Amino acid sequence: MTLQDRLRAQAEQCALHGSPLTGALLFAAADDYDAGGPTYDLLSPHAEDPSGSVPALRLTGALHRLVLERRAPELALHYPSVGGLPGEVWPAARRTIAEHLDELREHVRRPVQTNEVGRSAALYGGLLHVGGPVRLLELGASAGLNLLVDRFAYEVSGEVLGDPTSPVRLHEPWRGRLPTGTVEVVERAGCDPQPLDPISAADRLTLTSYVWPDQVDRFERLRAALAVAARHGIAVERLPASAFLERELAEPRSGVTTVVWHSVVRQYMAPAERERVDQLLTEAGERATAAAPLARLSLEPVQGQFRFLVELTTWPGGRTRVLAEARGHGPPVEWT
Ligand SMILES: C[S@@+](CC[C@H](N)C(=O)[O-])C[C@H]1O[C@@H](n2cnc3c(N)ncnc32)[C@H](O)[C@@H]1O
């Protein structure tokens with residue numbers, strides 16, 4: 001697919017999933033790319049970048065960063081994340097791209113670095129399916145917010161699951177055959193080659209820049225989760241998934257289920273890294289026993305599609321089940 005087609009495909013998804021502003025911006029950016037405008041100057045060096053690295057969201061994140069830094073006042077007028085009102089966003093966006101081209105070139109090289117708290121709605125339900133005490137290991141944990149899965153509140157059918165006092169509240173995030181039981185996380189650890197620190201102003205800026213600017217509820221959820229993380233001092237280790245798993249899965253652990261969780265990470269891994277992660281999990285699965293079970297829980301897109309599945313593989317046995325279909329940012333999670 002050409003780069004401009006990828007911009008349009010992402011635009012459609014944004015428009016469909018609650019961000020008409022990002023949709024409008026990306027549709028117009030694709031036309032501008034075709035016309036050889038500033039978007040072409042900015043993005044043509046990335047025409048061959050892998051689709052999974054999502055150049056469209058690198059562009060919108062780079063623009064949003066300027067807005068959040070209060071350095072693009074004309075564009076900010078249209079960004080609800082800073083009090084603006086959506087409207088004719090493209091003329092201002094085009095001028096902003098032309099004015100800040102050199103700096104934006106730096107920023108669009110950066111990978112998309114989100115930490116989407118809504119995905120905890122899938123993780124929490126997945127952990128209910130697993131049951132019992134859990135040792136939670138997260139691959140691609142970013143700022144580690146979803147490692148705090150049990151410190152958030154989930155309002156489900158009028159009941160509150162998780163921590164009812166939490167400032168992070170997910171309102172009716174589930175549909176279908178709702179999982180039941182309890183979640184008990186007794187140990188948690190995460191890795192990421194580029195971990196973010198929830199108390200660093202620079203890292204908070206990075207995280208918020210990738211939130212779609214007209215999705216103010218996601219913004220509020222992220223800010224509340226950053227506050228919870230600052231209180232709990234969660235640290236993510238600077239390691240790729242394979243090195244982390246090699247160490248963490250070297251020996252089976254008795255008395256807990258070791259759950260390896262990842263959400264929207266696979267597409268950002270090099271193919272060899274993906275294969276190594278699969279291999280390490282399969283090998284550790286062969287060593288797992290009823291007293292030291294292992295599970296892999298994930299929320300990942302179906303390759304080449306904008307559909308997201310929650311899948312669970314459990315060992316001993318290595319049985320894989322699709323537990324739910326979700327949205328890219330989590331809710332609604334439709335349990336099967
Ligand atoms: C789109 S973000 C998702 C972050 C988080 N899992 C979430 O759902 O909010 C993708 C993350 O994958 C991380 N990543 C990329 N390559 C990785 C690797 N080899 N091992 C672990 N994480 C990786 C990136 O640094 C980034 O934090």
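When a ligand or atom number is given, it counts from 1 through the structure's own listing order. Both backbone and side-chain heavy atoms feed into the values below; hydrogens, waters and symmetry mates do not. What you see is a predicted model; the values in this text were computed from it and never measured.
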The closest protein heavy-atom partner of atom 25 (O) of ligand 1 is Asp192 OD1, 2.5 Å

Flag yes if more than 12 heavy atoms outside Leu16 fall under 6.0 Å of its CG atom; otherwise flag no. yes

Does a side chain donor of either Arg94 or Thr39 reach within less than 3.5 Å of an acceptor in the other side chain? no

What do we get for Gln113 next to ligand 1 when only non-hydrogen atoms under 4.0 Å count, side chain, backbone, both or neither? side chain

Restricting to heavy atoms, the pick from Gly140, Pro195, Pro111, Ala143 nearest atom 22 (N) of ligand 1 would be Gly140

Give a yes or no on whether Arg177 atom CZ has more than 12 heavy-atom contacts from other residues, nucleotides or ligands under 6.0 Å away. no

Considering non-hydrogen atoms of the protein only, which is the closest contact for atom 18 (C) of ligand 1, and what is the distance? Pro193 CG, 3.7 Å

Smallest separation among heavy atoms of Val130 and Ala295, with atom names: CG2-CB, 4.5 Å

Do other residues, nucleotides or ligands put more than 12 heavy atoms under 6.0 Å from the CD atom of Gln303? no

Against heavy atoms of Arg119, which atoms of ligand 1 measure under 4.0 Å? 3 (C), 7 (C), 8 (O), 9 (O)

What protein heavy atom lies closest to atom 10 (C) of ligand 1? Include the residue and the distance to one decimal. Val264 O, 3.4 Å

Which atoms of ligand 1 have any heavy atom of Glu273 under 4.0 Å away? 18 (C), 19 (N), 20 (N)

Verify the distance criterion only: is there a donor paired with an acceptor across the side chains of Ser242 and Glu273 at less than 3.5 Å? yes

Val112, any N or O under 3.5 Å of ligand 1 N or O: no

contact_flag Glu138 ligand 1 heavy-atom lt 4.0 Å: yes

Of all heavy-atom pairs linking Ala141 and Gly190, the shortest is CB-CA, 4.2 Å

